[in-house]
Participant: 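After the structure tokens below, expect a handful of questions from me.
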Amino acid sequence: MVNSSQAARQILEGLNENQREAVETIDGPLLILAGPGSGKTRVITQRIAYLVRVVGVSPYRIGAVTFTNKAAREMRARLTPSLGPAAEHVTAKTFHTFCAQVLRQEGESIGVKRDFVIYDDSDQMSLMKRVMKELELDPKRFAPRAILSAISSAKSQLLGFEGLSYKSGSYFEEIVVRAYEHYEGLLQKSSALDFDDLLLKTYQLFDRVPESAKKYQERYVHFMVDEFQDTNVAQYAIAKQVAYAYSNICVVGDPDQSIYTWRNADIRNILSFQDDYPQAKVIALEENYRSTQTILDAAKSLIAANTQRVDKDLWTQNGEGVPIVVSEGYNEGEEAQFVVKEIQSLTRGRNPSYKLGDVAVMYRVNAQSRALEESCLRYGMPYQVVGGLKFYQRQEVKDVTAYLRLIANSDDDVSLERVINTPTRGIGQRTVDELTRLARNADMSMFSAISSLAQGAPQESVTDNNMRNPFPARSLRALTDFHDLIRSLQAEREKSDLLEIIDSILERTGYQSYLMDQSDRGEERLENIQEFKASARDFLMFGRDEALTAFLESVSLVADVDSMEDRADAITLITLHQAKGLEFPVVFMVGMEEGLLPHVRSLDDPAQLEEERRLCYVGVTRARERLYLCRSFRRGFRGGSEPSVPSRFLLDIPAKLITAPVQNQPKSKTIKSAAWTPGARRARNFSGNSENASSNGDRSERPARPDAATTAMPHFSTGDKVKHKTFGEGIVVECKPSHEDFEVTVAFKDGAGVKRLMQGFAKLEKVE
DNA sequence: CGAGAATAGTTTTTT
DNA sequence: ACTATTCTCG
């Protein structure tokens with residue numbers, strides 16, 4: 001702090017008026033509404049720098065929670081240049097990581113064991129299945145997923161099962177409450193917390209144990225929350241608790257980018273904030289530094305159609321830029337091909353305008369990455385997929401993780417069940433069921449139950465009254481062997497490091513040979529385990545004791561975006577959700593179709609539709625210079641393939657921002673293709689009618705006189721597969737009355753493009 | 001008990 | 001298409 005006014009000048013330099021005000025507002029609650037590309041991250045980091053270098057706040061007393069680890073890491077990285085090593089003392093974590101650490105530290109006072117494991121989705125699912133079994137609930141009648149999500153929603157609102165009122169009084173709700181209670185019991189027995197517990201328990205800790213709360217309240221003189229629009233009630237409550245002493249709480253968000261309400265994010269937090277802190281200052285960042293005028297205009301028209309929003313005035317000094325490109329393909333293969341070819345032309349040549357790292361392809365669902373990957377492989381385009389088939393979710397990785405978890409915490413029943421017979425060691429379903437029952441009766445974890453059995457202990461403590469040892473000698477033997485195996489692996493923790501432990505697991509449980517015996521994919525799986533091991537290497541620096549816990553925690557809490565590398569030599573394939581917070585010079589959004597974006601599951605709910613629109617908005621605003629919106633006429637779906645209709649969101653982008661549609665591939669010159677906008681608009685409006693007009697009977701039955709051009713019957717309807725003698729096979733995307741005939745718009749396969757044909761003249765044949 | 005075959009269901013998004 | 005679960009047989 002040589003000269004604080006000099007530092008101030010340096011920090012504030014290059015900030016616009018509002019940004020500057022945000023940085024300089026250091027006392028009391030502050031709400032920053034930050035539009036996309038408005039320099040939000042910059043403001044957050046400069047604000048922290050300002051606090052430290054100008055105001056003289058100790059970095060140790062500044063906390064910032066973000067949504068992803070990547071964002072946290074980036075924040076730290078951007079602090080380092082101005083703070084140097086002191087940046088390390090600033091807390092920059094995700095909510096979940098922050099809470100996990102609080103609980104490891106302080107949790108015991110509310111009954112959270114220090115070595116708790118964190119259950120992810122699939123662990124939760126296993127546990128819920130068991131809950132339902134034990135409560136004799138029919139999983140066909142009540143989807144375990146639905147129950148879990150009801151529980152998750154309750155926890156996100158800080159409701160325990162006791163506090164869950166029978167609001168609707170529906171039977172389902174009653175089931176949820178019962179399942180919730182039992183589920184909690186099993187978590188407790190396993191010394192496990194699920195994701196929501198990390199938040200809920202932290203809240204409860206701060207609520208019930210003032211001494212613990214105080215530690216954090218006194219430490220964090222300044223507390224910041226990024227992506228505030230995506231926080232849930234629990235997260236906001238925790239933030240309030242932490243900021244209790246000083247009320248220096250700064251939240252940053254953009255309601256228009258709220259895309260996680262399905263995960264219980266509550267956009268009302270922004271309103272609550274202003275209620276809770278009436279003295280809060282509100283600063284809006286509306287100047288966009290990222291995108292061209294064209295892209296920003298598209299984004300604005302798109303989002304303006306939402307009714308549940310406060311209008312905001314985004315603007316930019318950037319130039320108009322190039323028009324948005326809309327492309328249409330026959331199927332997802334062609335769509336992907338277009339994307340790859342286009343990227344090639346942008347990135348190849350003597351002085352290419354872009355490098356591969358500048359390009360991202362975004363989609364609504366992970367499954368869409370497949371066609372893109374195939375296309376990339378075919379044309380030799382380097383790519384990286386973010387997320388997708390998640391690494392830590394792979395079977396072999398989960399198996400090894402389960403062994404590690406058992407070493408750390410043998411009460412973890414879910415992990416135990418996972419590997420007790422993997423590789424097979426003669427412990428079948430029957431034995432496991434019996435063991436579960438015993439453990440349940442004795443109110444202990446499964447491992448403890450085996451323990452008691454193994455010690456040949458007074459079996460009465462384990463078995464129920466009139467039943468003696470229920471296991472045949474062979475099963476009992478297998479159980480005790482397993483028990484000894486885990487015990488001895490645990491003992492190894494004393495003398496070996498993490499990598500050695502993993503090797504031991506592979507070796508001594510026979511897992512390695514088990515994988516190799518499954519000859520087909522064994523090799524690949526073993527490689528995955530090697531990769532897993534490599535990721536464990538980062539934790540060797542921790543003490544022998546902590547390494548395992550820390551590693552397991554990171555396995556649970558690190559998302560895939562987090563490991564995304566900034567590679568200059570590969571394009572990025574990413575979901576729209578994961579793309580939040582990122583930006584790319586060139587963005588392709590694929591699958592711009594009804595049913596995908598907006599997704600089918602949101603079609604019947606206006607609120608969800610608005611969220612889909614926000615998601616689309618997030619995608620559009622990731623683009624700096626070039627935006628491509630792609631769709632195809634057919635979309636593969638669970639094996640089959642179905643015709644699809646352009647997304648309503650396409651229709652909300654003013655035509656003047658868009659170039660003529662790009663067709664795949666337009667060698668044919670004869671017939672002008674349909675301009676996408678009016679055509680698409682009509683196609684959408686018409687499809688319903690044409691359906692009614694033509695398909696109210698057996699679709700395969702052909703009209704008697706196909707040449708009668710003037711008959712008032714359309715012969716085709718949207719989605720029909722047709723054949724033309726020059727253009728080949730195609731699919732009808734539109735069929736509308738025109739001059740006493742019908743104009744049939746057909747998207748032909750194999751790059752023949754989209755043609756408008758008159759039914760009476762074109763010899764179109766329907767094919768099956 | 002284990003392994004392979006038959007069958008049913010299905011998640012959109014992720015900390 | 002893909003997986004997860006159930007069935008069947010050795």
Participant: Rounding to a whole Å, what distance do you find between A:E553:CD and B:dT15:P?
Facilitator: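 That distance rounds to 15 Å.
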Participant: Among residues at least two apart in sequence or on other chains, which ones pass salt bridge (charged side-chain N to carboxylate O under 4.0 Å, His left out) with A:R418?
Facilitator: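 A:R418: salt bridge (charged side-chain N to carboxylate O under 4.0 Å, His left out) contacts with A:D399.
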Participant: What is the distance, rounded to the nearest whole Å, between atom NE2 of A:H96 and atom P of B:dT14?
Facilitator: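 In whole Å, B:dT14 P lies 14 Å from A:H96 NE2.
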Participant: For DNA chain B, which residues of residues 124-149 of chain A approach it to below 4.0 angstrom with any heavy atom?
Facilitator: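 Within this stretch, A:K140, A:R145 sit under 4.0 Å of the strand.
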Participant: List in chain and number order the residues that pass side chain to side chain donor-acceptor pair (under 3.5 Å) with A:K93, two or more places apart in sequence or in another chain; answer none if no residue qualifies.
Facilitator: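 Counting only residues at least two positions away or on another chain, A:K93 forms a side chain to side chain donor-acceptor pair (under 3.5 Å) with A:Q101.
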Participant: Hey, does A:D121 reach any base, or is it just sugar-phosphate, or nothing, if we go heavy atoms under 4.0 Å?
Facilitator: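 Base, at least one base heavy atom under 4.0 Å.
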Participant: According to side chain to side chain donor-acceptor pair (under 3.5 Å), who are the partners of A:Q105, at least two apart in sequence or on a separate chain?
Facilitator: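 None.
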Participant: Just call it for A:R614: base, sugar-phosphate, or nothing, with non-hydrogen atoms closer than 4.0 Å on any strand.
Facilitator: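 Result for A:R614 = nothing.
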Participant: Can you name the residues that form a side chain to side chain donor-acceptor pair (under 3.5 Å) with A:K580, not counting sequence neighbours?
Facilitator: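 Side chain to side chain donor-acceptor pair (under 3.5 Å) check on A:K580 returns A:D230.
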Participant: Assign A:F95 to base, sugar-phosphate, or nothing according to its heavy-atom contacts below 4.0 angstrom with the strands shown.
Facilitator: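 No contact.
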Participant: Got a sec, which pairs hit salt bridge (Lys or Arg N to Asp or Glu O under 4.0 Å) with one end in residues 249-260 of chain A, sequence neighbours left out?
Facilitator: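 Listed once each, the pairs are A:D254-A:K312, A:D256-A:R309, A:D256-A:K312.
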Participant: Can you check whether A:R364 reaches A:H577 side chain to side chain, under 4.5 Å on heavy atoms?
Facilitator: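 Counting from C-beta outward, A:R364 and A:H577 do come under 4.5 Å.
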Participant: Taking 4.0 Å as the cut-off, does a side-chain nitrogen or oxygen of A:N69 come that near to OP1 or OP2 on B:dT15?
Facilitator: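 No.
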Participant: Does A:E611 or A:G428 map to a spot on DNA chain B nearer the 5' end, using the closest nucleotide for each?
Facilitator: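 Per heavy-atom nearest nucleotide, the more 5' residue is A:G428.
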Participant: Not counting sequence neighbours, which residues clear ring-ring contact (aromatic ring centres under 6.0 Å, His included) with A:Y403? List them please.
Facilitator: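 Not a single residue meets the ring-ring contact (aromatic ring centres under 6.0 Å, His included) criterion with A:Y403.
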Participant: Let me spell it out: for each of A:S475 and A:V365, pick the nucleotide of DNA chain B with the closest heavy atom. Which residue's pick is nearer the 5' end?
Facilitator: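 Of the two residues, A:S475 wins.
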Participant: With sequence neighbours excluded, tell me which residues meet salt bridge (charged side-chain N to carboxylate O under 4.0 Å, His left out) with A:E332.
Facilitator: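 Checked A:E332 against salt bridge (charged side-chain N to carboxylate O under 4.0 Å, His left out); zero matches.
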Participant: Rounding to an integer number of angstrom, what distance separates C:dA4 and B:dT13 when you compare their C1' atoms?
Facilitator: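 C:dA4 and B:dT13 have their C1' atoms separated by 22 Å.
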Participant: May I ask whether A:W262 stacks on the base of B:dT13, given the cut-offs of 5.5 Å between ring centres and 30° between planes?
Facilitator: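 Per 5.5 Å and 30° rule: yes, stacked.
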Participant: Run the salt bridge (charged side-chain N to carboxylate O under 4.0 Å, His left out) test against A:D481 and tell me which residues pass, sequence neighbours left out.
Facilitator: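 A:D481: salt bridge (charged side-chain N to carboxylate O under 4.0 Å, His left out) contacts with A:R477.
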Participant: Taking A:Q257 for the side chain and A:G253 for the main chain, is one N or O donor matched with an acceptor at less than 3.5 Å?
Facilitator: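 Checked: no pair found.
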Participant: For the residue pair A:T94 / A:T97, report whether a side-chain donor-acceptor contact shorter than 3.5 Å exists.
Facilitator: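 Note: A:T97 and A:T94 side chains meet the donor-acceptor criterion.
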Participant: Taking atom C1' of B:dT14 as reference, at what distance in whole Å does atom CG of A:N366 sit?
Facilitator: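 Spelled out: CG on A:N366 to C1' on B:dT14 is 10 Å.
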Participant: Just how far, in rounded Å, is P of B:dT15 from CD of A:Q578?
Facilitator: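 After rounding, the reported distance stands at 7 Å.
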Participant: In residues 595-605 of chain A, which ones come under 4.0 Å of DNA chain B, going by heavy atoms?
Facilitator: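 When residues 595-605 of chain A is checked for heavy atoms under 4.0 Å from DNA chain B, the hits, listed by number, are A:H599, A:R601.
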Participant: Describe the nucleic acid contact of A:T431 in one word from base, sugar-phosphate, nothing, applying a heavy-atom distance below 4.0 Å.
Facilitator: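 Counting heavy atoms under 4.0 Å across all strands, the contact made by A:T431 is with sugar-phosphate only.
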Participant: Using whole Å, report how far CG of A:L198 lies from P of B:dT15.
Facilitator: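 After rounding, the reported distance stands at 13 Å.
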Participant: With sequence neighbours excluded, what pairs up with A:Y628 under the side chain to side chain donor-acceptor pair (under 3.5 Å) test?
Facilitator: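 For A:Y628, the residues satisfying side chain to side chain donor-acceptor pair (under 3.5 Å) (neighbours in sequence not counted) are A:E342.
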Participant: For DNA chain C, note the earliest and the latest nucleotide, 5' to 3', having some atom under 4.0 Å of a heavy atom belonging to chain A.
Facilitator: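 So the outermost contacting nucleotides come out as C:dA1 to C:dT5.
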Participant: Could you tell me how far apart A:Q429 (CD) and B:dG2 (P) are, to the nearest whole angstrom?
Facilitator: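 Nearest whole value for this atom pair: 10 Å.
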Participant: Can you tell me the distance, in whole Å, between the CG atom of A:N232 and the C1' atom of B:dT15?
Facilitator: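 After rounding, the gap between these two atoms is 10 Å.
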Participant: Nearest whole angstrom, please: distance from the C1' of B:dT14 to the CZ of A:R263.
Facilitator: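 Going from A:R263 (CZ) to B:dT14 (C1'), I get 5 Å.
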